[in-house]
Structures are given as C-alpha cells and as structure tokens.
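Report on the following structure.
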Amino acid sequence: MKYVLICAIALTILSCTTKVHVESNGKTIIGEDPLETLENRELTQEFKDYWYSGEAEISSYDLSQARYGEMREGTAVMIFVTESFDKKDQVKADLANDSNRPVLKFNATRDFNTGIYPYHIMSSTFLPLDKKDNAIKVASSIQEWCGQTYMQMNQDGDEYEVMLHSYFQSEGNDDFEIENVMTENQIAAQLRLDPQAMPTGAIKIIPSTEFLRLKHVETKPYDAVAKLSEMEDGFLYSVKFTDLGRTIAFKTEKTSPYRILSWMDRYKDGSTPMVSTGTLKKSIKSAYWGKNANKDAVLRDSLGI
C-alpha cells in the first residue's frame with residue numbers, strides 16, 4: 001500500500017511538469033523540454049494565407065560579388081517555403097508527426113565566375129515558426145574548381161554543434177560547439193515575419209556560413225550593433241560587426257510578405273574595402289518541386305535566369 005502511494009505521488013509530480021524524452025550521448029533520459037522556455041510566435045493571418053498556400057516563393061537577384069579583390073557579376077536566387085521539420089533528426093519530415101516543428105526554409109544560391117573557373121554557393125536555413133527561436137539548422141556548401149567545402153550547424157539546447165569539411169588542410173575535417181545565438185543566415189527569413197520585430201542595439205551574432213568559409217574567419221559569435229530604419233518604400237535592417245570591420249544590410253518591402261528587395265555586404269576583400277550586393281530582378285510563387293519536366297524549363301524565363 002505504501003509503494004502504491006509513493007508511485008501515485010511521483011506520477012502527480014511528473015504530470016504537473018513538462019517532461020520529454022531527451023537524447024543525451026546516445027541514451028534516452030527524462031528531461032525538461034527546452035522549447036517550453038521559449039515564447040510562442042504569433043503568426044498573422046496574412047502570413048498564413050501567403051505561406052501556407054502550397055507554393056514556394058522564388059526570387060532572382062542581380063549579384064555583384066567581391067572575390068580576390070575584384071567585383072564579379074553573377075546571379076543569386078532566394079527560395080522560401082514552409083515545411084514540417086523533424087526535430088529529432090533535424091531534417092525535413094517525411095511523415096506527419098505531432099513532434100514535428102513548422103519552419104520557414106530559406107535556400108539561397110549564388111553563382112559567379114572568377115576568371116576561368118566558376119563558384120557555386122548554396123545555404124539552407126531552417127527558421128522555426130512555432131517558437132521565437134534561432135535557426136534550428138544551417139547547412140552551406142561551396143563548390144569551385146579548386147575543391148569544395150561543407151559546413152553545418154545544428155541547434156542543440158544552448159549550443160550549436162558545428163561540422164566542417166574542407167579541402168583546405170588548415171581547416172580539414174572538424175567538429176566543435178559554439179554558443180547558440182542569432183545567426184546571420186536566419187536574418188532574411190526572420191525579416192519575412194515582421195521587420196519591426198527584429199532585434200536592435202547591441203547583439204551577438206554568428207556570421208553567415210558563406211562569409212565564414214569565403215574569408216576563413218573563426219566560427220563563433222561576434223559582437224555587433226543592429227539597426228532598423230523605416231523608409232518610404234520599405235525597411236532597412238543593418239548589422240555592423242564590431243570586430244570584423246564588416247556591415248551587412250537587407251532592404252524589405254514596406255508591407256507583408258516583406259520580400260527582400262536588396263542586400264549588401266561591405267568588408268575588406270584583401271586590403272581593399274568592397275561591397276557585395278544583390279538586387280531583386282523577378283519573383284514568382286510556384287510549387288517548383290513538381291516542375292521538373294523539360295517543358296517546365298520555360299519557367300526560368302519568368303525569373304530571368
């Protein structure tokens with residue numbers, strides 16, 4: 001009888017506290033759900049009507065990219081789409097599950113040439129829509145004729161687990177952890193929710209995976225100052241990295257869905273201050289994953305690519 005009473009008390013205590021199965025070093029334990037400490041995101045009806053229509057938004061940009069002390073002309077593309085994310089494996093969910101998290105996925109590509117050889121850069125960022133949280137995952141790759149690099153950051157509580165594979169011997173294959181703070185990669189996606197809700201003032205931020213790999217800068221949070229300016233035709237969100245001598249900025253539309261109209265990235269490339277920019281060309285909405293027949297290639301004309 002005493003054993004039954006103890007069990008009943010224990011069950012009562014557990015039922016009053018949010019507990020989940022948490023993976024730790026390959027073992028399943030009972031722990032607090034870290035998501036419970038985060039504030040819910042309140043999505044507007046405008047957002048839901050636009051983003052839950054079964055289509056992605058695809059936008060093309062004229063790219064001017066600094067590389068090796070010279071400016072290179074090219075093309076950039078931003079793809080935004082909502083999807084379900086498996087929070088355990090941190091990949092797109094194949095099956096519906098109550099534990100899946102809704103995310104706004106942001107894929108960004110840049111293509112340009114350096115002399116005889118081309119650069120192909122792509123990053124994927126997964127911004128949660130259920131909680132006011134940083135990117136759950138960021139993955140980035142760079143391919144050029146000298147070789148390729150791949151970098152991935154996975155959120156794990158108050159840290160990011162980082163994996164780096166590079167053809168540079170000095171970087172090689174590495175796994176390490178850094179503090180979970182805002183990522184530069186998530187800015188474009190977060191602006192799509194509401195520019196006026198962006199953090200301003202002194203912040204800590206992890207530079208974009210693209211910048212980290214192109215400039216071979218240490219992967220860690222850096223001190224920065226963020227500012228939001230309201231303009232007649234939109235919002236301008238800028239971040240000045242205190243110790244990197246670098247400033248980035250994104251201009252959005254004034255109203256929902258807050259398309260990214262342009263961006264800029266100012267820093268020294270070699271010893272020369274240079275500014276990389278992207279300017280919106282065209283934008284469409286499409287369920288592009290089903291447009292993979294030869295006849296669908298004409299849709300690229302709609303994007304000017």
Less than 6.0 angstrom from the centroid, inside 45 degrees of the normal: does Lys220 satisfy that with respect to the ring of Tyr222?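 Yes, Lys220 and Tyr222 form such a contact.
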Report the distance from atom CE of Met151 to atom OG of Ser208, rounding to the nearest 0.5 Å.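 Between atom CE of Met151 and atom OG of Ser208 there are 9.5 Å.
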Looking at [X] and [Y], does any basic side-chain N land under 4.0 Å from a carboxylate oxygen?
X	Y	result
Glu70	Arg72	yes
Arg192	Glu57	yes
Arg41	Asp133	no
Asp265	Arg246	yes
Asp86	Arg101	no

Can you find a pair of side-chain heavy atoms, one from Gln186 and one from Asn134, that are under 4.5 Å apart?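 The answer is yes, as the side chains (C-beta and beyond) meet within the 4.5 Å cut-off.
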Is there side-chain contact between Val81 and Trp289, with heavy atoms separated by less than 4.5 Å?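 Yes, side chains in contact.
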If you compare all heavy atoms of [X] against all heavy atoms of [Y], which two are closest, and at what distance to 0.1 Å?
X	Y	value
Tyr61	Ile260	OH-O, 2.6 Å
Leu127	Ala135	CD1-N, 4.3 Å
Ala287	Gly54	CB-O, 3.7 Å
Ala224	Ile205	CB-CG2, 3.8 Å
Ser60	Leu280	O-CD1, 3.5 Å
Lys105	Glu83	NZ-OE1, 3.3 Å

Is it true that the side chains of [X] and [Y] contain a donor and an acceptor less than 3.5 Å apart?
X	Y	answer
Gln90	Asn154	yes
Glu171	Thr149	no
His120	Glu144	no
Ser59	Ser283	yes
Arg67	Tyr119	yes
Asn40	Lys131	yes
Tyr150	Gln148	no
Lys285	Ser53	yes
Asp111	Thr75	no
Thr183	Asn185	no

Can you tell me if Lys254 has over 12 outside heavy atoms packed within less than 6.0 Å of its NZ?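 Correct, the count exceeds 12.
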Report the hydrophobic cluster partners of Val103, with the cluster defined as I, L, V, M, F, W, Y residues connected by side-chain heavy atoms closer than 4.5 angstrom, directly or transitively.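 Via sub-4.5 Å side-chain contacts, Val103 links to Phe85, Phe126, Ile136.
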Suppose the criterion is ring-ring contact (aromatic ring centres under 6.0 Å, His included): which pairs have a residue in residues 172-213, not counting sequence neighbours?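 Residue pairs passing ring-ring contact (aromatic ring centres under 6.0 Å, His included), neighbours aside: Phe211-Tyr267.
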Quick check, are the ring centers of Phe80 and Phe106 under 6.0 angstrom apart?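 Here the rings of Phe106 and Phe80 have centres that are less than 6.0 Å from each other.
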